[in-house]
Structures are given as structure tokens and as C-alpha cells.
Amino acid sequence: MNVTPKAAKAEARYIWYPEDAAYGQALAALSDRFGLTRLNSPLEASRGPALLLYQTPEHHLYQALLQDQAPADALAAWSAQAEDILCAVREEGAQTAVAGLSQFILSPQAFITHLGLPGGGAPDESAPSVPPVADDAADDPVLLALATACLQQDSTVLSLAQAVQQAALPPAAPSAAASLNTTAAIQAHRNADAQAALLQEQKNLMHQELETLQILNCRLAESQQRRVAAKEQALQAAGRKIRSLEAHTALLQDRLLDARTPKQTRLHSLTAGIFRLIAPLRSLRQNQAGQEQIQQGRK
């Protein structure tokens, strides 16, 4: 971002650094602290005294690999920045200086004198404090080795890197106090990173546990639904079977009733016929029995 220089009467002084630099927040704070205006491109260095910061191609490629970017695209972007820096140095001469980004972060006041700010200038106390930053060392040696291997295969980028290093100011040696402060800031930053990584790992574990519980809950709910559906189907089947048995029982009862009714009618008719046939015999038997009783009475 561009900021307004703090000294209104002094000549404006400028700084440029890559947009995707890992130290963007710290560089913006340093720009505010020393009243520097950020250029949108190294080619704008003609506006006044400017300090152009470059990132080494190894670490530019390393950051790109961390973000899953294609190595060829990353090297092409770095080459374009390097060519602009070299072009600005050739055209603007002494008022344009080049410095390594990581070196500037570790000791900004040692480089700021090139912009005409003796002793690193008088920073505005109202400006925001500079956040602690780590050095430019990579945390993943495998990715760094891969970045270095990719770089070694591109002779054009290697030539540009050598040219930029030759045009850059020599690394500045910070004071003992600055070294102590920088070391403490680096350690604090690393401790904060370690704590953040631990918290992130705990958060990831909690998310995994939550997802596992949600999956188990869904499976239990599905199992319960299947059980309820199976019981409902069994009840419906039992109801259908009961109704079928009831209907079959009623049918059998009707058939039994139909079978019993003609038999009783035939038995009643047969009995009545028999009684009619034996009626004279019964009458004759009764008369004979009466006469026997009369004869016995006479004797």
C-alpha cells in the first residue's frame, strides 16, 4: 500500500518490495515508521530516492511451492521483477539502491541511510510498531531443496540472480543491541508460530472427532429408522395374516353351518317316519299289555 511521507517539507523517499513477500505486514509497518512511500513497480524509482528490495529466487520459489504454484510460473514472475529492478538501477543511478529483503528486515536502519536519513532517520513515534518477523530460513528442507534443484536447471534465472546480487548493497551488520532485539523477536515469532501450529493441530483433531461423531450419529439414526421400518412392516404383515385367518374362520363356520342344517332336517324327517311306522305296533303292544293285566287281575 502507498503511504504519505511523515516529513512534509522533506523530499519524498520511496521503497518497493514484492507484493507476495512473506514479510508484507512488517514491510508495511517499516514504511510507515520511516515515512516511506511504497512504489507500485521498481520502474517508478524515477520519482525520487528509492530502495528496491528483492527476494532470492530460491525462497520465492519455495513460497510458491508452499502454495502449490507451478515452479515455471514462479520463476517467470521472479525474473520479471529482477529485470525491472536492474532496469531501474541502470536508468536512475545513485538515487536507487537495491537490497536483499531478508537483510533489510533484520536491520532496516542500516539500509535506510542510503535514502538520506542519517542514522536510520528519526522514526515517528506515532507510527505503528513493527511486528516481529522471523528470518528468511525455510521451515521445510525438502521443499527448499526442491526449489534449489529447480533453480539450478534455469540458467537464465541464475544469471539474473547473480546480476541483482552484484547491484545490491552489501549486507549490513546490525548493532549488538539490534542483534539481541532481532534474535528475541525471531524467537518470539517462532514460539508464536509453534503455539499457533499446536492450536491448529488441536482444532483439526477436534474437527475430526466431531465429524466422526456426526457420522456415527447418522449411522445410528439410519439403523434405528431401519429397525422401526422393519417392525412396522412386521406389524402390517401380522395384521394382514390375522385378517386373513379371521376371514378363513368365518368361511369355515359358514360351511359348517351349511353342512349341519340339511343333516338335522333329514334326521328329523327320518325319525318322524319311523314313529309313524311303529305307531300301530306300539298301539298293539299297549293293548296286549292291558289285556294281560286284566287277566292277571281275574285270577
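All heavy atoms count here, side chains included; hydrogens, waters and symmetry mates do not.
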Between L61 and W78, does a side-chain contact (heavy atoms from CB on, under 4.5 Å) hold up when you go through it step by step?
-> CA-CA 8 Å; L61 186 55; W78 185 91; over 6 Å; no
side-chain contact (heavy atoms from CB on, under 4.5 Å) between Q55 and Y17, worked out = CA-CA 8 Å; Q55 195 176 31; Y17 49 86; over 6 Å; no
With side-chain contact (heavy atoms from CB on, under 4.5 Å) as the test, would you mind laying out the steps for L160 and L86 before giving the verdict?
-> CA-CA 9 Å; L160 279 174; L86 292 174; 4.0 Å; yes
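A salt bridge does not link E44 with R38: every distance from a Lys NZ or Arg NE/NH1/NH2 to an Asp or Glu carboxylate oxygen is 4.0 Å or more.
Taking all atoms of both residues into account, the shortest heavy-atom contact from A77 to H60 is CB-NE2, 4.2 Å. The nearest pair of heavy atoms linking Q165 to Y54 is CG-OH, 3.7 Å. Considering every non-hydrogen atom in both P108 and F34, the closest pair reads CB-CE1, 4.4 Å. In terms of heavy-atom proximity, P42 sits nearest to A88 at O-CB, 3.3 Å. Considering all non-hydrogen atoms of both residues, L39 and W16 come closest at O-CD1, 3.1 Å.
How far CG of L53 is from CD of Q81: 11.5 Å, rounded to the nearest 0.5 Å. For the atom pair CE (M206) and CD (E211), the distance works out to 12.5 Å, reported to the nearest 0.5 Å. From L101, atom CG reaches atom CG of L52 across 11.5 Å, with rounding to the nearest 0.5 Å. Separation of atoms OG (S31) and CZ (R13) is listed at 14.0 Å; rounding is to 0.5 Å. To the nearest 0.5 Å, the span separating CD on E19 from CG on L27 amounts to 11.0 Å. For the atom pair OG1 of T96 and CZ of R47, the computed distance is 12.5 Å after rounding to the nearest 0.5 Å.
Between S79 and T156, every side-chain heavy-atom pair lies at or beyond the 4.5 Å cut-off. Within the 4.5 Å cutoff, the side chain of L36 has no heavy atoms near those of the L30 side chain. When side chains are defined from C-beta on, F104 counts as touching L51, because their heavy atoms get closer than 4.5 Å.
A side-chain donor-acceptor contact under 3.5 Å links T249 to the backbone of L245. No donor-acceptor pair under 3.5 Å is formed between the side chain of S244 and the backbone N or O of R240.
Of the listed residues (R226, Q224, Q225, K231), just one forms a side chain to side chain contact (heavy atoms under 4.5 Å, CB included) with V228, and that residue is Q224.
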